[in-house]
2 protein chains.
Amino acid sequence: MVEDFVRGKGYLTLGTRFKRIGDRLQADVQQLIDAAGLAVQTGQYPLLAALDEMGPMTIGDLAAALGVSQPGVTRSVGQLAKQGVVTVRRGSRDQRKRRVELTEKGRTLVADGRQTIWPLIETHLADICADTDGPLLDQLDALETRLQEKSLYSRVMETKEGNTNE
Amino acid sequence: MVEDFVRGKGYLTLGTRFKRIGDRLQADVQQLIDAAGLAVQTGQYPLLAALDEMGPMTIGDLAAALGVSQPGVTRSVGQLAKQGVVTVRRGSRDQRKRRVELTEKGRTLVADGRQTIWPLIETHLADICADTDGPLLDQLDALETRLQEKSLYSRVMETKEGNTNE
DNA sequence: GCATAATATATAACAGGTTATATAAACCGT
DNA sequence: ACGGTTTATATAACCTGTTATATATTATGC
């Protein structure tokens with residue numbers, strides 16, 4: 001078999017590898033979101049959660065809070081507005097600014113997520129990362145290995161079955 | 001100031017955060033590549049390095065070796081072929097397969113990278129990650145903090161000046 | 001108080017990742 | 001040896017990130 005070249009290159013391919021792990025994690029979380037019947041894109045939950053916890057914000061504030069570029073936020077907000085999850089309106093004092101705010105639907109979405117899947121994600125990811133304490137590369141190895149062995153989704157489902165079903 | 005929301009959410013935003021760090025690392029490395037006068041995209045160095053070290057491969061083998069999807073490799077190879085860095089030809093025995101091979105230009109590019117910037121990347125990233133040993137989230141905090149304090153590029157440049165210039 | 005500079009957001013173009021699906025070649029069973 | 005299945009790659013459509021640049025509004029200095 002052809003093996004994992006990126007993994008073997010250590011620090012040299014760290015950027016590629018971080019992105020790869022991030023994609024994998026987001027894909028796994030998306031499964032959970034879908035299974036819970038929540039109509040959101042994984043990548044937009046942070047934006048919604050920020051609005052929920054910090055209140056209405058401008059595009060620029062969101063970009064700063066999320067560590068993402070302003071055009072990225074503009075686009076995300078545009079999509080979320082189209083889905084009716086947030087509203088956008090011009091600032092009253094400064095008309096250059098746009099005030100982004102959760103709609104009722106948006107608040108419900110965040111509340112549902114917080115209740116149903118957030119605890120599962122936290123618990124299981126903490127578990128996956130738990131007993132690794134070495135250097136960063138070792139921890140990445142362990143994380144990737146464990147996600148390959150059993151996806152976050154499978155881990156969550158097993159637990160749920162054990163607890164709530166016959 | 002608005003602070004870093006993603007960082008504060010711990011495991012919940014791990015996927016987003018991994019991708020963010022990966023983007024940052026790749027951007028930093030791209031600076032080094034540009035400064036060294038190498039005409040490549042950071043993200044494609046792993047592919048080139050794999051071809052260099054493992055010899056000519058098919059699209060599918062590359063996808064497996066790099067841990068990315070087959071369509072992703074098809075596109076990367078297409079771009080690299082356009083730049084004259086790799087050649088692609090049908091397999092002789094199995095005409096479905098495409099054999100991807102470094103050109104002379106490609107081999108030179110890898111050799112140059114290996115000589116000029118790879119050691120710098122390894123050294124400085126290892127250094128940045130060195131004395132952190134705790135749980136994963138702490139290491140991510142440390143990594144992000146250090147990259148914010150001083151970019152990989154700055155770190156490399158400082159070292160070079162100290163060693164090789166007046 | 002008007003011209004210029006700065007700021008906030010929008011838009012365009014690109015990167016590189018994904019999934020789903022189409023196409024072409026090879027394999028296989030009868 | 002031909003029809004159906006499998007396999008390898010290509011293509012399409014989308015996501016989300018980026019940078020560079022345009023537009024609109026506010027702030028400022030003379």
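Naming convention: chains lettered A, B, ... in sequence-line order (proteins, then strands); numbering from 1 in each chain. The model shown is predicted, which means the values in this text are computed figures rather than measured ones.
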Asks: Using a heavy-atom cut-off of 4.0 Å across all strands, would you classify Gln26(A) as base, sugar-phosphate, or nothing?
Replies: nothing

Asks: Using a cut-off of 4.0 Å on non-hydrogen atoms, how would the nucleic acid contact of Arg75(A) be classed: base, sugar-phosphate, or nothing?
Replies: base

Asks: Atom CZ of Arg90(A) to atom C1' of dT25(D): distance rounded to whole Å?
Replies: 9 Å

Asks: Kindly point out which of dA8(C), dT9(D), dT7(D) is positioned nearest to the side chain of Arg96(A)?
Replies: dA8(C)

Asks: Could you say whether Lys19(A) or Thr74(A) is positioned toward the 5' end of DNA chain C, judged by the nucleotide with the nearest heavy atom to each?
Replies: Thr74(A)

Asks: Whole angstroms only, please: what is the CZ-C1' distance between Arg89(A) and dA8(C)?
Replies: 17 Å

Asks: Taking any heavy-atom pair under 4.0 Å as a contact, classify Gln79(A): base, sugar-phosphate, or nothing.
Replies: sugar-phosphate

Asks: Could you verify whether a donor N or O on one side chain and an acceptor N or O on the other, from Glu158(A) and Ser154(A), lie under 3.5 Å apart?
Replies: no

Asks: At their closest point, which heavy atom of Cys129(A) faces which heavy atom of Arg146(A), and how far apart are they?
Replies: N-NH1, 4.5 Å

Asks: Atom CG of Asp61(B) to atom C1' of dT7(D): distance rounded to whole Å?
Replies: 13 Å

Asks: How would you label the contact of Gly60(A) with the nucleic acid (heavy atoms, under 4.0 Å): base, sugar-phosphate, or nothing?
Replies: sugar-phosphate

Asks: Between Ser69(B) and dT18(C), is there a contact of a side-chain N or O with OP1 or OP2 at under 4.0 Å?
Replies: yes

Asks: Applying side-chain contact (heavy atoms from CB on, under 4.5 Å) between Arg24(A) and each of Val29(A), Leu152(A), Leu147(A), report the one that passes.
Replies: Leu147(A)

Asks: If you compare all heavy atoms of Lys97(B) against all heavy atoms of Thr58(B), which two are closest, and at what distance to 0.1 Å?
Replies: CD-CG2, 4.0 Å

Asks: Rounded to the nearest Å, what distance is computed from the CD1 atom of residue Ile21(B) to the P atom of nucleotide dT16(D)?
Replies: 19 Å

Asks: Let me spell it out: for each of Arg98(B) and Val68(A), pick the nucleotide of DNA chain D with the closest heavy atom. Which residue's pick is nearer the 5' end?
Replies: Arg98(B)

Asks: Would you mind classifying the nucleic acid contact of Arg93(B) as base, sugar-phosphate or nothing, using non-hydrogen atoms under 4.0 angstrom?
Replies: sugar-phosphate

Asks: Starting from C1' on dT18(D), measure out to CG on Leu25(B) and report it in whole angstrom.
Replies: 15 Å

Asks: Is any side-chain N or O of Gln70(B) under 3.5 Å from a base N or O of dA8(D), one able to act as donor and the other as acceptor?
Replies: no

Asks: What's the closest nucleotide to the Gln44(B) side chain, out of dA10(D), dA25(C), dG16(C)?
Replies: dG16(C)

Asks: How long is the line joining CG of Asp34(B) and P of dA15(C), in whole Å?
Replies: 13 Å

Asks: Without decimals, in angstroms, what is the distance between Lys97(A) NZ and dA6(C) P?
Replies: 18 Å

Asks: Closest heavy-atom contact between Pro56(A) and Arg99(A)?
Replies: CG-NH2, 3.4 Å

Asks: Can you check the Arg99(A) CZ to dA8(C) C1' distance for me, whole Å?
Replies: 16 Å

Asks: Can you tell me which nucleotide in dA15(C), dA12(C), dT9(D) comes closest to the side chain of Pro71(A)?
Replies: dA12(C)

Asks: By the 4.0 Å heavy-atom rule, please label Gln95(B) as base, sugar-phosphate, or nothing.
Replies: sugar-phosphate

Asks: Testing the basics here: between Val40(A) and Gln44(A), what is the closest heavy-atom pair and its distance to 0.1 Å?
Replies: CG1-CB, 4.5 Å

